[in-house]
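A short write-up of the structure that comes next.
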Amino acid sequence: MGSEAALPKWASNPCIMGIDEAGRGPVLGPMVYGCLYCPCSYRQTLATLNFADSKTLKEEKREELFEDLKVNDSVGWAVDIIDPRELSAKMLNKNKINLNEISHDSAIGLITRVLNIGILLTEVYLDTVGDAEKYQAKLSQRFPSIKFVVSKKADSLYPVVSGASIVAKVTRDRTLRGWIFEETAENMHRNFGSGYPGGARCLKLSIVCNNFQNFGGLF
């Protein structure tokens with residue numbers, strides 16, 4: 001999923017990319033990695049588009065910004081949606097792959113996808129996952145022609161990462177709204193909020209599910 005269908009006119013110009021995730025450690029739904037990329041020459045304009053860390057924006061504003069991105073010819077975007085069953089399988093397998101490694105692989109996959117469609121990436125900005133220096137070294141070894149900046153709170157510091165945060169969050173929210181349970185319960189409410197343990201609606205749903213299970217139901 002993304003805007004890779006048509007190669008933009010600016011693809012051969014030096015480009016920057018931001019990468020961020022939504023849904024790391026939820027009790028419900030997928031983990032989604034999103035990226036936003038654009039020409040380096042568009043960097044200053046990008047800073048005027050009112051992007052911010054998606055967690056600080058209301059859902060309506062995130063949706064509005066995402067729709068603006070989709071019709072903006074000066075930016076491209078892509079996502080990697082990682083199903084929770086895939087996460088569980090990798091983390092519980094005999095040869096375990098931890099969440100940091102899964103996150104690294106997703107980011108590397110997005111970079112590879114964008115390079116493969118013909119975008120000239122010269123700079124990539126990411127929020128740190130694990131040790132920032134080791135992560136940056138790992139990426140630089142894999143893609144030696146690209147300058148990497150790995151930083152805590154990158155989604156607050158760099159507009160291109162803020163944009164990626166919106167791409168990831170809106171994609172996850174939309175996926176969650178249409179989430180299909182393998183298990184069902186009569187009269188189960190569909191409005192379960194963010195899917196994070198701390199979310200009020202999700203917490204309430206967890207309590208209901210536990211009670212249901214305690215009284216002999218299968219959920």
Of all residues at least two apart in sequence or in a different chain, which pass the side chain to side chain donor-acceptor pair (under 3.5 Å) check with [X]?
| X | result |
| --- | --- |
| Y158 | none |
| R142 | none |
| N100 | R24 |

Do [X] and [Y] touch side chain to side chain, with heavy atoms closer than 4.5 Å?
| X | Y | result |
| --- | --- | --- |
| I119 | L7 | yes |
| S151 | Y125 | no |
| P30 | I82 | no |
| C38 | L46 | yes |
| L65 | K61 | yes |
| M91 | L99 | yes |
| T171 | T175 | yes |
| Y42 | L49 | yes |

Please round to the nearest 0.5 Å and tell me the distance separating atom [atom1] of [X] and atom [atom2] of [Y].
| X | Y | atom1 | atom2 | result |
| --- | --- | --- | --- | --- |
| I111 | N116 | CD1 | CG | 11.5 Å |
| Y37 | L121 | OH | CG | 8.5 Å |
| E101 | K96 | CD | NZ | 12.0 Å |
| D20 | L36 | CG | CG | 11.0 Å |
| K147 | L139 | NZ | CG | 14.5 Å |
| L115 | I117 | CG | CD1 | 9.0 Å |

Minimum heavy-atom distance [X]-[Y], with the two atoms named:
| X | Y | value |
| --- | --- | --- |
| Q141 | P144 | O-CD, 3.8 Å |
| V129 | S103 | CG1-CB, 4.0 Å |
| A168 | G34 | CB-N, 3.7 Å |
| D80 | L110 | N-CD2, 4.1 Å |
| C40 | I16 | SG-CG2, 3.5 Å |
| I19 | C35 | CG1-CB, 4.0 Å |

List the steps and the verdict of side-chain contact (heavy atoms from CB on, under 4.5 Å) for D68 and F51.
-> CA-CA 11 Å; D68 289 345; F51 293 150; over 6 Å; no
Apply ring-ring contact (aromatic ring centres under 6.0 Å, His included) to F148 and list each qualifying residue two or more places apart in sequence or on a separate chain.
->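 If we apply the ring-ring contact (aromatic ring centres under 6.0 Å, His included) test to F148, skipping adjacent residues, there are no hits.
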Could you list the residues that satisfy ring-ring contact (aromatic ring centres under 6.0 Å, His included) with F66, not counting sequence neighbours?
->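 Expected list: W77.
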Tell me, with the steps shown, if V124 and F143 meet side-chain contact (heavy atoms from CB on, under 4.5 Å).
-> CA-CA 10 Å; V124 176; F143 305 100; over 6 Å; no
What pairs with N50 under side chain to side chain contact (heavy atoms under 4.5 Å, CB included), at least two apart in sequence or on another chain?
->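 By the side chain to side chain contact (heavy atoms under 4.5 Å, CB included) rule, N50 matches no residue at all.
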Test: D173 and K169 ion pair at under 4.0 Å =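 Salt bridge between D173 and K169, a charged N being under 4.0 Å from a carboxylate O: yes.
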Taking NZ, NE, NH1 and NH2 as the nitrogens, is one of them in R174 or E63 under 4.0 Å from a carboxylate oxygen of the other?
->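 Salt bridge: yes.
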Does the [X] side chain pair with the main chain of [Y], one donor and one acceptor, at a distance under 3.5 Å?
| X | Y | answer |
| --- | --- | --- |
| S88 | R85 | no |
| D127 | K153 | yes |
| R113 | V79 | yes |
| S106 | I102 | no |

Transitively linked via ILVMFWY side-chain contacts under 4.5 Å: L120 with I146?
->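 Hydrophobic grouping puts L120 apart from I146.
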